[in-house]
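Quick note: numbers below take in every heavy atom, side chains included, and nothing from hydrogens, waters or symmetry partners. Convention: sequence-line order gives letters A, B, ...; per-chain numbering from 1.
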Amino acid sequence: MAEQAEKIKVLICQGTGGLASGAAAVADAFEAEFAKQGVEAKVGKRCEVVGTGCRGLCANDVLVDIVMPGAEGVTYDFVTPELVPQIVAEHVIANSPVEKSVAGPYYASFLEKQQRIIFSRCGTINAESLDDFIAHRGFTGIRKAVTMAPSEVIEEVKRSGLRGRGGGGFPTGVKWSFCKATPGEEKYLICNADEGDPGAFMDRSVLEGDPYGLIEGMMIGAYAIGCKFAYVYVRAEYPLAIKRLQMAIDTCYEKGYLGKNCMGLGFDLDMRIKAGAGAFVCGEETALMASIEGHRGMSRPRPPFPAVKGLWGKPTNINNVETFANVSYIFYNGADWYSSIGTEGTKGTKIFALTGKVKHTGLVEVPAGTTMKQVIYDVCGGILNNRKFKAVQAGGPSGGCLPTEALGAEVDYDSLIKAGAMMGSGGLVVMDETTCMVDIARFFLNFTRAESCGKCIPCRIGLKIMLEILERITQGRGREGDLELLEDMAYDIKKSSLCGLGQTAPNPVLSTLRYFRNEYETHIRDKECPSHSCRHLLHFRVVEEKCKKCGVCPKVCPVNAIRWEKGQAAYIDADKCTECTSCYDACRFMAIE
Amino acid sequence: MTEAAEQVKEQVVDLTGANAILDKYVDMHGALMPALQEIQEFYGYIPEPTVHLTAERLNVYSSQIYGVLTFYAQFHLQPRGKYIIRVCMGTACHVKGAARIADTVKDRLGVVHAETTEDLKFTAEYVACIGACGMAPVIMVNDATYGSLTVQKVDEVIEKYQAMG
Ligand SMILES: Cc1cc2nc3c(=O)[nH]c(=O)nc-3n(C[C@H](O)[C@H](O)[C@H](O)COP(=O)(O)O)c2cc1C
Ligand code: SF4
Ligand code: SF4
Ligand code: FES
Ligand code: FES
């Protein structure tokens with residue numbers, strides 16, 4: 001350990017976000033500078049570049065932490081290879097951080113209100129290193145679990161109060177006890193890493209940043225249920241996550257942590273990845289199992305529940321990535337510790353993916369019970385471009401939009417449902433005054449309609465008809481009575497669909513109708529879009545009184561359709577304009593409509 | 001179908017690769033999808049003769065295979081471009097102007113969802129979410145992700161790949 005502490009560490013975010021922003025080049029630059037400036041000789045210590053998983057603040061990537069022995073790490077954001085020689089010379093060698101490039105106070109406040117449990121390793125250790133994992137409590141959870149009888153393990157999970165993070169919020173311990181109770185030699189454990197919900201990417205970050213942590217959680221589950229075979233169903237759009245997880249599984253096999261007599265603890269577990277193939281409905285558990293079996297991913301009625309008759313007709317337990325990740329920590333620290341965090345009905349922390357018109361987009365982990373307002377304003381710095389908050393969409397295509405009045409809602413399964421949204425997998429899309437709520441409803445319906453497996457008529461045809469109505473409205477061809485018809489159909493589809501997709505697909509329409517009915521009415525009655533965002537209803541002109549003559553819009557116009565001179569209001573040449581909406585989004589004063 | 005695609009389709013497909021892949025899967029539970037995924041990886045798409053071969057060797061109906069192939073967005077029955085541009089149309093990207101990004105790709109390359117350029121260089125694909133929503137709007141070109149895009153930045157990315165030949 002002493003030797004470890006003597007190293008200088010350079011932690012570089014190598015999550016999808018980090019890599020997209022050029023993390024590989026930054027890492028290379030550090031290695032090159034270490035050699036070029038002869039750092040190790042000068043400071044007499046080893047320097048190590050560590051590729052970590054996502055740190056949460058992906059919008060500010062490439063994020064780099066310099067950790068000098070015995071000191072707190074210093075975080076730099078927006079690091080480029082050009083910046084590296086200076087950081088090495090001044091910080092690593094002379095021990096004086098490059099102040100102007102250090103992440104601003106927003107980074108501290110981004111972290112302050114969070115409680116990073118699931119993410120405690122993600123973003124701090126080398127995601128690919130088994131040694132790093134083990135040095136950070138890795139596999140102590142499963143070691144603890146096997147000292148207990150499987151039924152005691154399940155009891156512990158029940159006592160912790162953990163509920164599934166895949167959307168439904170079903171108590172995990174109870175689910176495990178069903179599968180354990182079903183007789184049968186052959187049982188399966190599945191980790192649902194489909195993450196089909198657009199706008200959510202926390203499962204991806206766990207897979208990329210702490211793959212061993214997931215494997216450990218699954219081991220505990222497998223031991224408790226008495227199953228010898230586990231699948232991780234990962235969506236194919238996540239190449240890096242698949243690569244890292246496969247690497248981790250391979251290493252575990254090599255070192256005897258998986259396979260026959262895992263870790264010498266007296267139980268067997270095989271684990272395999274199944275790459276999904278791009279269908280949202282495959283996140284639904286029965287469709288997911290059909291997909292693993294090699295069929296079309298069609299849902300089937302429940303009961304029988306997977307715990308009784310699942311994969312290949314055998315008892316099967318299926319949980320979400322974050323659920324399994326939670327399990328490890330319950331065994332590190334005990335059920336009492338776990339249940340002391342959160343609210344009465346929702347224990348522990350929840351990871352949210354904050355995206356849209358918020359200043360600091362990224363992943364945040366907060367204790368359940370934190371309010372939406374705290375998440376959006378205190379953690380994520382509020383709304384981009386000083387615009388006005390309009391709504392936050394929670395729970396993806398199955399969820400709903402919450403307006404300002406509902407910002408006091410706590411993140412908790414029950415309070416969110418009361419407010420008209422749901423936790424879902426934890427995607428939060430923040431919308432400002434430029435986002436049209438009718439268009440958002442249309443957007444989600446378009447998505448669910450396209451992703452419906454087509455088995456039931458209400459879902460297949462009903463959603464299509466609802467979508468057509470919404471399209472008409474956003475194009476200025478809405479009719480009296482449309483809203484009532486939408487509402488009627490929404491309730492019918494919810495009632496008569498077979499699976500969760502159809503049963504929740506109308507939710508975005510219902511919640512926007514509940515809170516933003518007037519926007520619908522303006523579209524229908526006045527053929528106007530109050531947020532000036534529905535393209536067919538946009539005029540693309542500059543409102544002179546509102547224009548602050550800042551000159552931002554001509555810079556973003558790809559076809560030079562905007563005329564502007566210093567001190568003059570901008571003017572859009574309608575002949576040249578391709579109606580791309582760039583200028584509309586860029587204007588900070590809502591002067592373009 | 002573009003002319004180039006037609007030509008490729010008429011070529012005789014060498015089934016040695018598919019046979020070698022299928023060897024691994026003959027006795028496996030749930031082999032169909034992974035086998036097809038691997039065949040697609042090998043050929044870049046699923047050539048028709050491999051469907052019949054798969055049916056024979058894994059003892060499934062061709063109709064079941066086509067059922068699977070047409071259900072999942074991931075499978076392709078036509079040859080595809082060297083560079084696959086995935087344009088994210090997910091919620092976060094939508095709110096940040098994904099439509100504009102898709103339009104730009106269409107303007108520059110003349111392809112929309114599921115279409116391939118005549119020279120078999122680019123294929124466009126509109127996808128539900130790439131999982132990099134924090135940097136919306138986002139596209140992927142093969143395995144590389146590009147975030148925080150503007151129309152200009154998309155142009156630069158496309159130019160880069162065009163230059164790469
Ligand atoms: C249409 C649909 C899509 C779903 N997508 C996902 C998903 O992407 N990931 C996930 O974990 N659960 C998803 N679920 C929920 C799963 O069916 C299942 O309830 C969950 O994986 C159980 O895990 P948990 O108990 O740990 O929450 C989806 C459900 C429906 C109806
Ligand atoms: S509700 Fe929709 S997605 Fe679900 S089974 Fe029916 S048709 Fe398929
Ligand atoms: S909408 Fe696009 S093309 Fe038209 S003026 Fe604005 S930026 Fe230029
Ligand atoms: S990927 Fe780098 S912080 Fe999220
Ligand atoms: S919504 Fe575009 S990357 Fe997720």
> Of all heavy-atom pairs between A:Pro198 and B:Ala128, which one has the smallest distance, and what is that distance?
Replying inline: CB-O, 3.2 Å
> When you measure from the side chain of B:Gln37 to the backbone N and O of A:Gly276, does any donor-acceptor pair fall under 3.5 Å?
Replying inline: yes
> So which of A:Ala59, A:Gly297, A:Gly17 has the biggest tally of heavy-atom pairs under 4.5 Å with chain B?
Replying inline: A:Gly297
> At a heavy-atom separation under 4.5 Å, does A:Phe444 approach chain B through its side chain, its backbone, both, or neither?
Replying inline: side chain
> Between B:Met135 and A:Thr16, does a side chain to side chain contact (heavy atoms under 4.5 Å, CB included) hold up when you go through it step by step?
Replying inline: CA-CA 10 Å; B:Met135 308 189 305; A:Thr16 294; 5.7 Å; no
> Is it the side chain or the backbone of A:Ala200 that comes within 4.5 Å of chain B heavy atoms, both, or neither?
Replying inline: backbone
> Going from NE2 on B:His29 to CG on A:Leu311, what distance comes out if it is rounded to the nearest 0.5 angstrom?
Replying inline: 7.5 Å
>> As an exercise: rank A:Phe447, A:Phe201, A:Phe280 by heavy-atom pairs under 4.5 Å with chain B and give me the winner.
In response: A:Phe201
> Is chain B contacted by the side chain of A:Ser21, its backbone, both, or neither, given a heavy-atom distance below 4.5 Å?
Replying inline: side chain
> What part of A:Val430 is in contact with chain B, defined as an atom under 4.5 angstrom from a non-hydrogen atom: side chain, backbone, both or neither?
Replying inline: backbone
> Among B:Val95, B:Leu32, B:Asp107, B:Thr91, who wins on heavy-atom pairs under 4.5 Å with chain A?
Replying inline: B:Thr91
>> Could you walk me through whether A:Glu195 and B:Cys129 satisfy the side chain to side chain contact (heavy atoms under 4.5 Å, CB included) test, starting with their C-alpha distance in whole Å, then the side-chain angles of each, then the deciding distance to 0.1 Å, before giving a yes or no?
In response: CA-CA 9 Å; A:Glu195 197 155 71; B:Cys129 177; over 6 Å; no
> For B:Asp143 and A:Pro239, which heavy atoms make the closest approach, and how far apart are they?
Replying inline: OD1-CG, 3.8 Å
> Any idea which heavy atoms bring A:Arg296 and B:Gly67 closest together, and the distance?
Replying inline: NH1-O, 3.2 Å
>> Is A:Ala275 close to chain B through its backbone or its side chain, or both, or neither, when contacts mean heavy atoms under 4.5 Å?
In response: both
> Side chain, backbone, both or neither: which part of B:Ala144 has an atom under 4.5 Å from a heavy atom of chain A?
Replying inline: neither
> If you take all heavy atoms of B:Phe71 and A:Ala279, which pair is closest and at what distance?
Replying inline: CE2-CB, 4.0 Å
> Is it the side chain or the backbone of A:Cys54 that comes within 4.5 Å of chain B heavy atoms, both, or neither?
Replying inline: neither
>> Can you tell me which of A:Ile440, A:Thr355, A:Leu384 forms the most heavy-atom pairs within a distance under 4.5 Å of chain B?
In response: A:Thr355
> Can you find a pair of side-chain heavy atoms, one from A:Ile292 and one from B:Met33, that are under 4.5 Å apart?
Replying inline: no
> Relative to chain B, which segment of A:Lys555 carries a heavy atom at a distance below 4.5 Å: side chain, backbone, both, or neither?
Replying inline: backbone
>> With rounding to the nearest 0.5 angstrom, report the CZ to SG distance, A:Arg204 to B:Cys133.
In response: 7.5 Å
> By a 4.5 Å heavy-atom criterion (distance strictly below it), what part of A:Leu363 contacts chain B: side chain, backbone, both, or neither?
Replying inline: neither
> Can you tell me how far NE2 of A:His295 sits from CD of B:Gln64, rounded to the nearest 0.5 angstrom?
Replying inline: 6.0 Å
> Given a strict heavy-atom distance threshold of 4.5 Å, which part of B:Thr70 is in contact with chain A: side chain, backbone, both, or neither?
Replying inline: side chain
>> Please report the interatomic distance CD(B:Gln152) to OG(A:Ser582), rounded to the nearest 0.5 Å.
In response: 7.0 Å
>> Given heavy-atom pairs under 4.5 angstrom as the criterion, report whether the side chain, backbone, both or neither of A:Leu57 touches chain B.
In response: neither
> What's the spacing between A:Glu237 CD and B:Met140 CE if we round to 0.5 Å?
Replying inline: 8.5 Å
> Nearest heavy-atom pair of B:Gly134 and A:Thr361: which atoms, and what distance?
Replying inline: O-OG1, 2.5 Å
> How far apart are the closest heavy atoms of B:Val68 and A:Gly294, and which atoms are they?
Replying inline: CG2-O, 3.4 Å
> Any idea which of B:Arg100, B:Met89, B:Arg86, B:Lys96 has the most non-hydrogen atom pairs under 4.5 angstrom with chain A?
Replying inline: B:Arg100
> So which of A:His360, A:Met202, A:Gln393, A:Lys357 has the biggest tally of heavy-atom pairs under 4.5 Å with chain B?
Replying inline: A:Lys357
